[in-house]
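What follows is one structure encoded as structure tokens, with my remarks underneath.
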Amino acid sequence: RAKAAGGNRYEIADPESDERAITRHGLTTALPAALERGEFFIEYQPLVRLGDASVRGAEALVRWAHPQHGVIGPDRFIPLAERTGLIVPLGRWVLEQSARQAKVWLEALPPEERDTPLRVNVNLSPAQLHHPGLVADTVEILERIGLPAGALCLEVTESALIGADEDLLKPLRQLAEMGVHIALDDFGTGYSNLANLRRLPVGVLKLDRSFTQGMQQHPADPVDLKIVEGIVSLAHSLDLTVTVEGVETGAQADHLRRLGCDTAQGWYYARPGPPERLRELSLADAV
Ligand code: C2E
Ligand code: MG
Ligand code: MG
Ligand code: MG
């Protein structure tokens, strides 16, 4: 009701309103049972190589099919799961489902294309990074499912790694040494200095959507173009690949391709959807 009447203004103007608080509380207490009852599901959004628009993999994005409220997006419940610690079993579930799905995709490729560098990207919360079982759980899941480490990419936000000490980086380093790819998500929204990148066991920069937004208008914002050009050249000089989020138009894709970005993700290519959709997007053609 509040939503229909006031839209976002209501929520922003009064984020601590009783109604929001009750909902938040209600959602928080419902989380553990939701996991047990299997109310979570995963949508996959293709990651596309900018050069030829071939599908290189997909990002796993979790959703909650709430019996009363309908489908709830992760921005609303991940922070709650994070605070209560449920993110650890929930994140493990997402990782396991995604690894199984990646295995299905890989096996669907014709034998001569099995070593196609196809990946599933899975988001990691700060609480998962701090959890001592991260490396062991990940290894166990990959081995049990028989998924090569190189088919997994873990996404960690830039803000989660700001000021990270060696203790926090160690599990990521171990995973990277095993061949798991590590991506720095929402890059450009935090405050990390670029030189800091050298210290992180990261192979992929995911440029935040805010950078691609300035390329939507005609002509594109020249400052945005310069900034992205600079980030790409720095990233490439450090042997990092660059993925861009939130590509919504062909014009953006053209700019980003010209600026040397490697892969892209966004509504222009495909919205997040069920795993079968990735096959329809002719994964098998993608070589
Ligand atoms: P993210 O990792 O940065 O994921 C990208 C978000 O951008 C997704 O929102 C995706 O649906 C959305 N998006 C993709 N293409 C476009 C586009 O062209 N335009 C616009 N406007 N948006 C686009 P979503 O699915 O709502 O997920 C939000 C965030 O929730 C994710 O941001 C990620 O931080 C978190 N999240 C999702 N799944 C998980 C999970 O399994 N575990 C954890 N820890 N976090 C998750
Ligand atoms: Mg992500
Ligand atoms: Mg992101
Ligand atoms: Mg983002």
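Predicted model, so just to flag it, every value in this text is computed and none were measured. As the structure lists them, so they are numbered: ligands from 1, and atoms in each ligand from 1.
- Inclusion of Ser125 in the set of residues having an N or O under 3.5 Å from an N or O of ligand 1 is warranted.
- Cluster partners of Val71 are Phe41, counting Ile, Leu, Val, Met, Phe, Trp and Tyr whose side-chain heavy atoms approach within less than 4.5 Å, directly or via other members.
- The stretch residues 130-152 participates, sequence neighbours left out, in these salt bridge (Lys or Arg N to Asp or Glu O under 4.0 Å) pairs: Arg92-Asp137, Glu96-Arg144, Glu140-Arg144.
- Between Leu61 and Gln45, the closest side-chain pair of non-hydrogen atoms falls below 4.5 Å.
- Of the heavy atoms in Ile42, none comes closer than 4.0 Å to ligand 1.
- In this structure, of Gly73, Gly91, Pro74, the residue bringing a heavy atom nearest to atom 26 (O) of ligand 1 is Pro74.
- Using cut-offs of 30° and 60° for the angle between ring planes, the Phe77 and Trp64 rings count as perpendicular.
- Contact annotation: the side chain of Leu80 never approaches that of Ile87 to less than 4.5 Å [non-hydrogen atoms, C-beta and beyond].
- Taking a 4.0 Å cut-off on heavy atoms, Lys206 fails to register as neighbouring ligand 1.
- Taking 2.8 Å as the criterion, Asn121 does not count as a coordinating residue of the Mg ion (ligand 2), since none of its N, O or S atoms falls below it.
- With 2.8 Å as the limit, Asp185 counts as an N, O or S neighbour of the Mg ion (ligand 2).
- Below 4.0 Å from some heavy atom of Pro272 lie the following atoms of ligand 1, by number and element: 11 (O).
- One finds an angle of 90° at the Mg ion (ligand 2) between OE2 on Glu59 and OE1 on Glu155, to the nearest 10 degrees.
- Residue nearest to atom 3 (O) of ligand 1, selected from Glu245, Gln213, Glu155, Gln128: Glu245 (by heavy-atom distance).
- Of all atoms in ligand 1, numbered sequentially from 1 with element shown, those under 4.0 Å from a heavy atom of Val62 are 38 (N), 39 (C), 40 (C), 41 (O).
- Of the heavy atoms in Val94, only side-chain atoms (C-beta onward) come closer than 4.0 Å to ligand 1.
- Counting only heavy atoms from C-beta outward, the side chains of Glu43 and Arg271 never approach each other to under 4.5 Å.
- With a 4.0 Å cut-off on non-hydrogen atoms, Val122 does not touch ligand 1 at all.
- Using a 4.5 Å cut-off on side-chain heavy atoms (C-beta onward), Leu205 and Leu197 make contact.
- Considering Glu155, Glu59, His181, Gln265 in turn, Glu155 is the only one that fulfils the side-chain hydrogen bond (donor to acceptor under 3.5 Å, both in side chains) rule with Asn121.
- Taking the six-membered ring for Trp and thresholds of 30 and 60 degrees, Tyr44 and Trp105 have ring planes more than 60 degrees apart, a perpendicular arrangement.
- Any N or O atom pair closer than 3.5 Å counts here, and Leu124 shares no such pair with ligand 1.
- Ligand 1 lies out of reach of Gln265, whose nearest heavy atom is not under 4.0 Å from it.
- At least one heavy atom of Glu59 sits closer than 4.0 Å to an atom of ligand 1.
- With a 4.0 Å cut-off on non-hydrogen atoms, Glu43 does not touch ligand 1 at all.
- In this structure, the side chain of Asp165 engages the main chain of Leu168 through a donor-acceptor pair within 3.5 Å.
- In this structure, the side chain of Thr157 engages the main chain of Ala160 through a donor-acceptor pair within 3.5 Å.
- Within the 4.0 Å heavy-atom cutoff, Glu82 does not count among the residues contacting ligand 1.
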